[in-house]
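Atom set for the values below is all heavy atoms of this structure, side chains included, hydrogens, waters and symmetry mates excluded. The shown structure was predicted, so the numbers you read here are calculated from the model rather than taken from an experiment. Here is how names work: the chains are called A, B, and so on, in the same order as the sequence lines, proteins then strands, and each is numbered from 1.
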Amino acid sequence: MSKTVRTRFAPSPTGFMHVGNLRTALYEYLVAKSLGGQFILRIEDTDQERKVEGAVDMIYRTMKRAGLIHDEGPDIGGEYGPYVQSERREMYLPYAKQLIEMDKAYYCFCTKERLDMLRENADEPGAGYDRHCRNLSPQEVQQKLSEGVPYVIRQKMPLEGTTTFEDAVYGTISVDNSELQDQILIKADGYPTYNFANVIDDHTMNITHVVRGSEYLSSTPKYNLLYEAFGWEIPTYIHLPLIMGKNDDGSTSKLSKRHGATGFEDLVKLGFLPEAIVNYIALLGWAPKDNQEIFSLSELTEKFSIDGISKSPSIFDYDKLEWFNGEYIKAMTVEQFAAAAEPYFRKALGDAPFDYLKLASILQQRTTKLTDIPEKIAFFAEQPDYDKELFVNKKSKTTLENVPALLKAGVEALEALPEWTHDSIHDCLINLAVTLGVKNGTAMWPVRIAASGMTVTPGGAVEILDILGREESLRRLHKGLEKLAN
RNA sequence: GGCCCGGUGGUCAAGCGGCUAAGACACCGCCCUUUCACGGCGGUAACACGGGUUCGAUUCCCGUCCGGGUCACCA
């Protein structure tokens, strides 16, 4: 019987849920769930300076909206708590001291100023810490400690040899130990660094699969040295290719705020549906065995496999996201769509009593983003001032010469209608075309233009007249007639 | 700069020694149509380069080039 798979999502509460982070969370969820395992949420707040008010709530909210339900976490507890690093603060120092006893770590009393100077004076970039305190005598250390000199604890890296590890995505990776810095494990404020807390927590929380972005690939050997020092089992590593954004100069770099709306909530505000976002980012770095593109979260869970994860970075493409969004919108029932679109209807129409279901039915097939709705329907509330040139359309064979008569005939026919319904308007205008001996388009174009004042509208003349209602429709048509007379 | 990783159309991507190198988005054209969409059909467009290995390389190896990541008392 093998161990239960456990993955964790460990965001730091900075008040922003980047889609890159969300994708990582999604894959962590999928790795766990596709293997029948558990998905844990842990808050990494060891940096007090970056802590942001309300950020944790935003994480909960985002995860919930994305459908990534965790099995253990600060809000719901679990047997490996606490799940907030600041609350585990006391756990880390003993482990660090244990490392010191094993000669795998040491006290460092260097001041921040000295380190800054070191960096400034370095000939080569990335020269790093000079290991100044690595070989202090026990007496010196005792002395400074008793004097209360502030200290940090650093990991004592081997000076020679190489460290090799297996990654489920990238394969075997080895790094010369001489490349590894004596990184800080415990900060002067007593908090652990991410580098240390992460290892201690993953082990004590029984995390079996560490899923994270490939930016951690080069620091993984350092973590392994820690696992080895403690004699702990090394987890399965699954490093994910990065999501990139396009820069102004055409180059690309790790997706960040400067690439525009990259926060989950930003995208939702832009009119993207959470399910569409999740679907899209699932496919950014992973591909199924077949060609399926539309996936619900449960289908993803079913089809997901680690060997489908790719190694090369991918660029976040808003066009493709929009396509997914459109697909999700089209898959809704009209009622669902009307409900989702309602806020945008209100935005454009205020409290005007339009039939939202009818609006939804003409809009649904042509909407890719909910935020596009208001501008498409604003003319229902208030007709824009338009130029009579709009009546001219080559394909519909309408000209300034024939339109007045066409529109007049249309108005008369419509005015004679006993009832004002979609079907009656439709039949009326179709009959009109027959009577006049012109194509449908020729009869409809002037009516639609006069009713809307726009060349491009959602729905045709019939739908627009129906939604507008008899009174307003006829008012607009007469206005069109006047405009043409001048 | 050192180290690590990557490199199939503009983008996401199949491919895992032998294929006319899939598919999707975007783009273009045609059809449908009362506009625009939707939908249908079709089209343009790719294995970074140079050496090997092999009967045969997109696929394996090496080098070059290009791209990215990383070198914090941030995570």
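B:C3 atom P lies 18 Å from atom CD of A:Glu160, rounded to whole Å. Atom P of nucleotide B:A75 and atom CG of A:Asp201 are separated by 12 Å, given to the nearest angstrom. Summarising the geometry, the separation between CD on A:Gln181 and C1' on B:A72 is reported as 10 Å, rounded to the nearest angstrom. Atom CG in A:Asp189 sits about 12 Å away from atom P in B:C73, given to the nearest Å. Computed from coordinates, the A:Ile238 CD1 to B:C5 C1' distance equals 17 Å when rounded to whole Å. Atom NZ in A:Lys222 sits roughly 16 Å away from atom P in B:C3 (whole-Å rounding). Atom CG in A:Asn177 sits about 14 Å away from atom C1' in B:C4, given to the nearest Å. When rounded to the nearest whole Å, the span between CG of A:Asp249 and C1' of B:G67 equals 13 Å.
Close to B:C5, at under 4.0 Å from its OP1 or OP2, lies no side-chain N or O of A:Lys311. An OP1 or OP2 oxygen of B:U33 is reached within less than 4.0 angstrom by no side-chain nitrogen or oxygen of A:Lys439. Contact check, A:Thr14 against B:A75: no side-chain N or O comes under 4.0 Å of OP1 or OP2.
Nucleic acid contact class of A:Ser174 (heavy atoms, under 4.0 Å, all strands): sugar-phosphate only. Looking at heavy-atom distances under 4.0 Å, A:Lys254 makes contact with sugar-phosphate atoms alone, never a base. If you check every strand for non-hydrogen atoms under 4.0 Å, A:Thr368 touches nothing. No engagement by A:Asn198 is indicated, since no non-hydrogen atom pair under 4.0 Å with the nucleic acid exists.
The partner of B:G29 is B:C41, by the rule that a Watson-Crick or G-U pair needs both atom distances under 3.5 Å. Base pairing analysis places B:A14 opposite nothing; no Watson-Crick or G-U wobble pair with both distances below 3.5 Å involves it. For B:U64, the paired base is B:A48 (Watson-Crick or G-U wobble, both distances below 3.5 Å). The pairing partner recorded for B:C19 is none, the criterion being a Watson-Crick or G-U wobble arrangement whose two distances lie under 3.5 angstrom. Nucleotide B:C3: paired with B:G69 (Watson-Crick or G-U wobble, both distances less than 3.5 Å). The partner of B:U53 is absent, by the rule that a Watson-Crick or G-U pair needs both atom distances under 3.5 Å.
Across B:C60 and B:U54, the matching C1' atoms stand 10 Å from one another, rounded to whole Å. Across B:C32 and B:G67, the matching P atoms stand 49 Å from one another, rounded to whole Å. Spacing between B:G56 and B:G18 at atom C1', rounded to whole Å, works out to 7 Å.
There is no side-chain donor-acceptor pair under 3.5 Å between A:Asp466 and A:Thr421. Checked by atom type, the side-chain pair A:Ser251/A:Asp249 shows a donor-acceptor distance below 3.5 Å.
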Give the table of side-chain donor-acceptor pairs shorter than 3.5 Å for residues 387-394 of chain A, with sequence neighbours excluded, one pair per line with atom names and distance.
unit_1: A:Asp387; atom_1: OD1; unit_2: A:Glu389; atom_2: N; d: 2.8
unit_1: A:Lys388; atom_1: NZ; unit_2: A:Asn486; atom_2: O; d: 2.4
unit_1: A:Asn393; atom_1: OD1; unit_2: A:Lys395; atom_2: N; d: 3.3
unit_1: A:Asn393; atom_1: OD1; unit_2: A:Ser396; atom_2: N; d: 2.8
unit_1: A:Asn393; atom_1: OD1; unit_2: A:Ser396; atom_2: OG; d: 3.0

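Aromatic rings from A:Phe304 and A:Tyr27 are positioned such that their centres are separated by under 6.0 Å. Between A:Phe316 and A:Tyr318, the distance separating the two ring centers is shorter than 6.0 angstrom.
When every heavy atom of A:Gln85 is checked against every heavy atom of A:Ala197, the shortest pair comes out as NE2-CB, 3.3 Å.
Closest approach to the A:Tyr216 side chain among B:C4, B:C73, B:A75 is made by B:A75 (side chain taken as heavy atoms from C-beta onward). Of the candidate nucleotides B:C4, B:A75, B:G68, B:G68 has the atom lying nearest to any side-chain atom of A:Met244.
Every side-chain hydrogen bond (donor to acceptor under 3.5 Å, both in side chains) that A:Gln292 has, sequence neighbours left out, goes to A:Glu299, A:Lys303. For the side-chain hydrogen bond (donor to acceptor under 3.5 Å, both in side chains) test, no residue two or more places apart in sequence or in another chain qualifies with A:Thr62. Residues satisfying the side-chain hydrogen bond (donor to acceptor under 3.5 Å, both in side chains) criterion with A:Lys330, sequence neighbours excluded, are A:Glu327.
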Protein heavy-atom contacts under 4.0 Å, written 5' to 3' over nucleotides 34-48 of chain B as B (base), S (sugar-phosphate only) or - (none), form the string BBBSSS---------

Counting primed atoms, P, OP1 and OP2 as sugar-phosphate and everything else as base, the B/S/- map of nucleotides 9-14 of chain B against protein heavy atoms under 4.0 Å is --SSSS

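Between A:Ile173 and A:Leu321, the one whose closest nucleotide on RNA chain B sits nearer the 5' end is A:Ile173.
Judged by distance alone, the side chain of A:Gln336 and the main-chain N or O of A:Thr333 form a donor-acceptor pair under 3.5 Å.
The side-chain tip of A:Arg89 points at the ring of A:Tyr191 from less than 6.0 angstrom away and within 45° of straight on.
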